[in-house]
Amino acid sequence: MRLVGLTGGIASGKSTVSNLFMNTSVPVIDADVVARNVVQKCTGGWKKIVKAFGDEILLDNGEIDRARLSQIVFSDPSKRQLLNRLLGPHISSGIFWKIAKLWMKGCKVIALDIPLLFETKMDRWTNPVIVVWVNLETQIERLMSRDGCSEEQSQNRINAQLALDWKKSEADIVIDNSGSLDDTKQQFREVLRKVSEPLTWKERLRSRDGLISVVMCTAVGVLLAQKNLL
Ligand SMILES: CC(C)(COP(=O)(O)OP(=O)(O)OC[C@H]1O[C@@H](n2cnc3c(N)ncnc32)[C@H](O)[C@@H]1O)[C@@H](O)C(=O)NCCC(=O)NCCS
Ligand SMILES: Nc1ncnc2c1ncn2[C@@H]1O[C@H](COP(=O)(O)OP(=O)(O)OP(=O)(O)O)[C@@H](O)[C@H]1O
């Protein structure tokens with residue numbers, strides 16, 4: 001099995017690229033969706049957040065007020081670290097179970113859309129790592145227009161992550177999303193070709209079918225050895 005890392009900076013275009021995977025045979029696990037699921041009302045993650053941030057973090061219906069939490073954590077690094085510490089284990093295990101389900105179905109290539117892939121050191125488990133890069137000016141413009149936040153708020157959110165230029169330098173594959181959507185789609189075609197290349201031996205062994213083959217071969221080997229010994 002091949003785990004492809006898909007990351008970038010806030011509003012650099014990860015979801016845009018992730019959507020392009022949807023028309024392919026490569027399933028995508030979206031860490032933002034997992035992060036939302038683990039804080040649904042009355043879950044373990046939700047309880048931890050309410051305990052740490054108080055009832056004032058809740059909407060009238062008891063759900064987490066994401067806009068309020070966002071304001072708090074993106075303007076106070078210590079609160080953000082606290083949130084990361086509380087949710088980190090829930091998010092990792094949520095991602096793990098999603099991978100396990102796809103593995104059991106026999107999926108050979110899975111893309112992991114994880115904004116904080118480098119920050120959480122999950123890049124160790126993925127190869128190749130795709131970084132969706134955008135120039136800072138465009139990133140701020142898109143973030144302000146998508147989330148309706150000020151330039152200062154956008155800058156705070158960008159500063160809450162490792163520098164996008166550094167992520168670009170660590171990438172195996174870079175998608176420059178500073179241009180038009182068509183431009184990105186064109187780059188994506190080549191990226192899809194690369195991630196769909198035949199699996200290496202190690203990747204084959206990690207896939208469900210590879211493991212089944214190893215188990216079968218071992219069982220046959222043991223049976224033959226026993227027969228010869230008798
Ligand atoms: C801060 C929260 C409440 C903001 O919620 P909101 O619905 O407004 O945004 P959403 O969840 O869609 O995230 C948008 C983007 O913000 C960035 N972001 C989210 N959390 C963080 C964080 N802790 N540190 C840095 N950037 C972050 C990511 O680029 C993400 O793609 C929410 O993102 C959250 O609970 N974050 C903590 C969980 C987490 O680490 N998520 C990232 C998954 S690896
Ligand atoms: N090539 C592009 N041209 C114009 N607009 C774009 C392009 N790529 C993305 N956008 C827009 O920029 C915004 C950010 O893109 P997107 O939501 O894909 O980023 P993201 O990296 O997934 O963000 P986040 O980190 O917040 O999850 C969106 O409003 C999207 O429609």
Side-chain angles (χ1 to χ4, degrees), residues 5-22 28-40 43 45-46 48-50 52-53 57-59 63-96 98 111-123 125-126 130-149 153-164 167-168 175-188:
L6 175 63
T7 191
I10 186 162
S12 72
K14 297 176 299 294
S15 307
T16 304
V17 171
S18 169
N19 286 336
L20 297 177
F21 270 110
M22 275 175 192
V28 180
I29 296 175
D30 184 336
D32 281 339
V33 172
V34 175
R36 255 168 248 150
N37 289 341
V38 301
V39 295
Q40 271 174 6
T43 56
W46 179 89
K48 282 186 185 171
I49 291 188
V50 177
F53 292 88
I57 207 66
L58 296 178
L59 294 166
E63 294 289 352
I64 304 281
D65 183 343
R66 302 181 69 81
R68 175 99 193 85
L69 186 55
S70 201
Q71 270 173 359
I72 297 172
V73 300
F74 287 123
S75 55
D76 183 341
S78 65
K79 296 273 166 60
R80 191 173 61 252
Q81 277 155 17
L82 172 64
L83 179 67
N84 290 349
R85 255 200 326 275
L86 296 177
L87 294 189
H90 294 272
I91 297 174
S92 329
S93 72
I95 293 173
F96 172 82
K98 279 186 183 272
L112 305 181
D113 175 355
I114 307 184
L116 305 180
L117 185 84
F118 287 112
E119 288 85 346
T120 54
K121 304 205 183 330
M122 282 200 233
D123 58 303
W125 309 109
T126 57
I130 304 170
V131 168
V132 184
W133 182 86
V134 75
N135 64 57
L136 184 61
E137 204 188 355
T138 311
Q139 186 180 19
I140 292 178
E141 247 171 46
R142 288 182 186 164
L143 185 50
M144 286 168 67
S145 106
R146 188 194 63 184
D147 292 357
C149 49
Q153 284 171 324
S154 302
Q155 195 65 63
N156 280 343
R157 288 169 192 216
I158 290 170
N159 291 344
Q161 303 183 345
L162 289 171
L164 186 50
K167 292 183 181 179
K168 184 186 182 186
I175 295 181
D176 182 351
N177 187 38
S178 310
S180 68
L181 204 54
D182 275 345
D183 199 9
T184 299
K185 280 184 186 162
Q186 207 170 333
Q187 296 174 64
F188 179 76

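Both ligands and their constituent atoms are indexed starting at 1 by order of listing.
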May I ask you to decide whether R36 forms a salt bridge with E63, counting only side-chain N to carboxylate O separations under 4.0 Å? no

Is D32 paired with K14 through a side-chain N to carboxylate O contact shorter than 4.0 Å? no

Would you indicate whether the side-chain heavy atoms of [Y] and [X] approach each other to under 4.5 Å?
X    : Y    : value
R157 : D147 : yes
R68  : I72  : yes
L83  : R80  : no
M122 : L112 : no
V131 : L164 : yes

Tell me, which protein residue and heavy-atom name are nearest [atom], and how many Å apart are they?
atom                    : answer
atom 19 (O) of ligand 2 : G13 N, 3.1 Å
atom 8 (N) of ligand 2  : N177 ND2, 3.0 Å
atom 1 (C) of ligand 1  : V73 CG2, 3.8 Å
atom 17 (C) of ligand 1 : Q161 NE2, 3.4 Å
atom 41 (N) of ligand 1 : A35 CB, 3.9 Å
atom 5 (O) of ligand 1  : R66 NH2, 3.3 Å
atom 19 (C) of ligand 1 : F74 CZ, 4.1 Å
atom 4 (C) of ligand 1  : S70 OG, 3.8 Å
atom 17 (O) of ligand 2 : R146 NH1, 2.9 Å
atom 14 (C) of ligand 1 : D32 OD2, 4.3 Å
atom 39 (C) of ligand 1 : I91 CD1, 3.8 Å

Have a look at I91 and tell me which of V34, N37, N84, V39 forms a side chain to side chain contact (heavy atoms under 4.5 Å, CB included) with it. V34

Hey, is NZ on K48 packed in by over 12 heavy atoms from elsewhere, all under 6.0 Å? yes

Distance check, rounded to the nearest 0.5 Å: T138 atom OG1 versus L143 atom CG? 12.0 Å

Hey, what do you get for CZ (F188) to CD1 (I130), rounding to the nearest 0.5 Å? 7.5 Å

Report the part of [X] in contact with ligand 2, treating N, CA, C, O as backbone and CB onward as side chain, heavy atoms under 4.0 Å; options are side chain, backbone, both, neither.
X    : result
S145 : neither
D32  : side chain
S15  : both

Which heavy atom in [X] sits nearest to a heavy atom in [Y], and how many Å separate them?
X    : Y    : answer
S12  : N177 : O-ND2, 2.9 Å
G8   : K167 : O-NZ, 3.0 Å
D113 : P115 : O-CD, 3.8 Å

Within the 4.0 Å heavy-atom shell around [X], which atoms of ligand 2 are there?
X    : answer
L181 : 1 (N)
G179 : 1 (N), 2 (C), 3 (N)
G9   : 21 (O), 25 (O)
K14  : 18 (O), 19 (O), 20 (P), 21 (O), 22 (O), 23 (O), 24 (P), 25 (O)
S180 : 1 (N)

Relative to ligand 1, is [X] under 4.0 angstrom through side chain, backbone, both or neither, heavy atoms considered?
X   : result
V34 : neither
L83 : side chain
R36 : side chain

With side chain to side chain donor-acceptor pair (under 3.5 Å) as the test, would you mind laying out the steps for S178 and D176 before giving the verdict? CA-CA 6 Å; S178 310; D176 182 351; 2.7 Å; yes

Are G8 and ligand 2 in contact, using a heavy-atom cut-off of under 4.0 Å? no

Close approach, S12 and ligand 2, non-hydrogen under 4.0 angstrom: yes

On a heavy-atom basis, I'd like to know which of R157, R142, Q161 is closest to atom 13 (C) of ligand 2. R142

Would you indicate which of I10, D176, T16 comes nearest to atom 30 (C) of ligand 2 when only heavy atoms are counted? T16

Mind checking whether R80 has an N or O less than 3.5 Å away from an N or O of ligand 1? no

Say whether R146, considering both its backbone and side-chain N or O atoms, lies within less than 3.5 Å of an N or O atom on ligand 1. no

Run the numbers on I64 and L58 for side-chain contact (heavy atoms from CB on, under 4.5 Å), then give the verdict. CA-CA 5 Å; I64 304 281; L58 296 178; 4.1 Å; yes

Can you sort out which atoms of ligand 1 are near I10, meaning under 4.0 Å from one of its heavy atoms? 15 (C), 16 (O), 17 (C), 29 (O)

Quick note on ligand 1: atoms under 4.0 Å from a heavy atom of N84 include exactly 22 (C), 23 (N), 40 (O)

Among residues at least two apart in sequence or on other chains, which ones pass ring-ring contact (aromatic ring centres under 6.0 Å, His included) with F74? none

